[in-house]
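Along the sequence shown, residues carry numbers from 1.
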Amino acid sequence: MNAFTAADHAHMARAIQLAAQGLETTSPNPRVGCVLVRDGETVGEGWHERAGGPHAEVVALRQAGERARGATAYVSLEPCCHHGRTPPCTDALLAAGVARVVAAMEDPNPRVAGNGLARLRAAGVAVASGLLAAQAEALNPGFAKRMRTGLPYVRVKSAMSLDGRTAMASGESKWITSEAARLDVQHLRARSCAIVTGAYTVLADDPAMTVRLEGRTHQPLRVVVDSRLRIPADARVLQGGALIATTATVLTAALREAGATLLQLPARGGHVDLAALLRGLAARDVNEVLVETGPALAGAFVAQGLVDEMVIYVAPKLMGHGARALFELPGLDAMAQAIPLTITDIRAVGRDWRVTARVTSLR
């Protein structure tokens, strides 16, 4: 068992803090931070900013220069040992003369999976792992899940009134929550690789489903679940391109010309097979999926056990018993059938509350 010191904990906590700076930019790569320490002094820091750019270890090594020789590298994820868009980080650490490497967690990527640490150990570098592993993995839930299961991490976002309603009976829903909550949603979108919505939402609200943050240029993949190809070619969600998840074999010419791409999927109960959709997105290197849709499709994701996390914004208003519910979950007739949740965070966002919860059944 590794015996980590208080200093080890502090330096790894800093590496994880650095990794978090890539929360909205690294997709589809994991968020990784690195701290180089020699003789108790931090000589280099780095974090991975975007795919194709230098990894955290390389950024920290460049900052440290010759001071990296004999240093300890604290890395929030095991250094890579394979050639991708960039050379292996293990080679860079060895070339710099780093004496010790501490990784928060092993890389779940089968191409690495302990081989990076083994490569360093074989070259005479002191190696340890498992320090603040849970905190490191919490930064990369989608990457870890996709590598281990072939499925992305699914987060359902909803907004509701205090009495659990998402729209008036007429369908009117703008705006349930405050501007502060809507800005917070932009950051949820920014960290996601794909945003999934349904045909009904597109027909009712015509959303763009884009990230609207200053300086943001990269957009998540937008996906519309539309088994019957009902959405119009001038829908805002299609501007700039979108994926249409459907049971149809071909798209209409109008949808193709509007920038839509076909993702043909099998049917389940007369609708798009949502598990197949998630597998198809994972095959496109999608780590985190944000589901922003109406109660029927959101409820289907929940009922099929496909949801990892819910983020629900609660507005301090009442909309009445005739308004629309948060999820459509038919078949729940007894308390024993209720779906339990584990609330992981509650905080105020402007005048609203944001509740984050994990589904603790159907998994």
Give me the atom names and distance for the closest heavy-atom approach of [X] to [Y].
X: G350; Y: A180; result: CA-CB, 3.7 Å
X: D206; Y: R236; result: OD1-N, 2.9 Å
X: V359; Y: M310; result: CG2-CE, 3.8 Å
X: I176; Y: R165; result: CD1-O, 4.0 Å
X: T197; Y: V202; result: CG2-CG2, 4.0 Å

Around atom CD of Q337, are there more than 12 heavy atoms from other residues, nucleotides or ligands closer than 6.0 Å?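 Check passes, neighbour count above 12.
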
Surrounding CD of E179 (heavy atoms of other residues, nucleotides or ligands, distance under 6.0 Å), is the total greater than 12?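 No.
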
Whether [X] side chain and [Y] backbone form a donor-acceptor pair below 3.5 Å:
X: R100; Y: A71; value: no
X: Q186; Y: L213; value: no
X: T293; Y: L297; value: no
X: E24; Y: A190; value: no
X: T149; Y: L151; value: yes
X: D308; Y: V154; value: yes
X: R191; Y: H187; value: no
X: Q219; Y: T210; value: no

same_hphob_cluster([X], [Y]) at 4.5 Å side-chain heavy-atom cutoff:
X: V101; Y: V43; value: yes
X: V311; Y: L139; value: no
X: M160; Y: I339; value: yes

Does [X] come within less than 4.0 Å of [Y], counting only side-chain N to carboxylate O?
X: D345; Y: R354; value: yes
X: R155; Y: E309; value: yes
X: D352; Y: R347; value: no
X: K157; Y: E288; value: no
X: R119; Y: D91; value: yes

Ring pair (Phe, Tyr, Trp, His ring centres under 6.0 Å) contacts in which one or both residues fall within residues 12-51, not counting sequence neighbours: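 Sorted result for residues 12-51: H48-H55.
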
Of all pairs that satisfy ring pair (Phe, Tyr, Trp, His ring centres under 6.0 Å), the ones with a partner from residues 58-80, not counting sequence neighbours: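 Those involving residues 58-80 are H11-Y74.
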
Will you find, in the side chains of N29 and T26, an N or O donor that is under 3.5 Å from an N or O acceptor?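 Checked: N29/T26 side chains show no N/O donor-acceptor pair below 3.5 Å.
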
Just by distance, with hydrogens left out, do R14 and Q17 show a side-chain donor and acceptor under 3.5 Å apart?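 Q17 and R14 do have a side-chain donor-acceptor pair below 3.5 Å.
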
Stepwise, does the salt bridge (charged side-chain N to carboxylate O under 4.0 Å, His left out) test hold for R148 with E137? CA-CA 13 Å; R148 291 170 181 154; E137 182 157 340; 2.5 Å; yes

Who are the side chain to side chain contact (heavy atoms under 4.5 Å, CB included) partners of S227, not counting sequence neighbours?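 Expected list: T247, V272.
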
With a 4.5 Å cut-off on side-chain heavy atoms, are [Y] and [X] touching?
X: V223; Y: I195; answer: no
X: S178; Y: Y313; answer: no
X: L77; Y: N140; answer: no
X: L262; Y: T246; answer: yes
X: P295; Y: E328; answer: yes

Establish, yes or no, whether the cationic atom of R182 lies under 6.0 Å from the six-membered ring centre of W175 and within 45° of the ring axis.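 Pair R182/W175 counts as cation-pi.
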
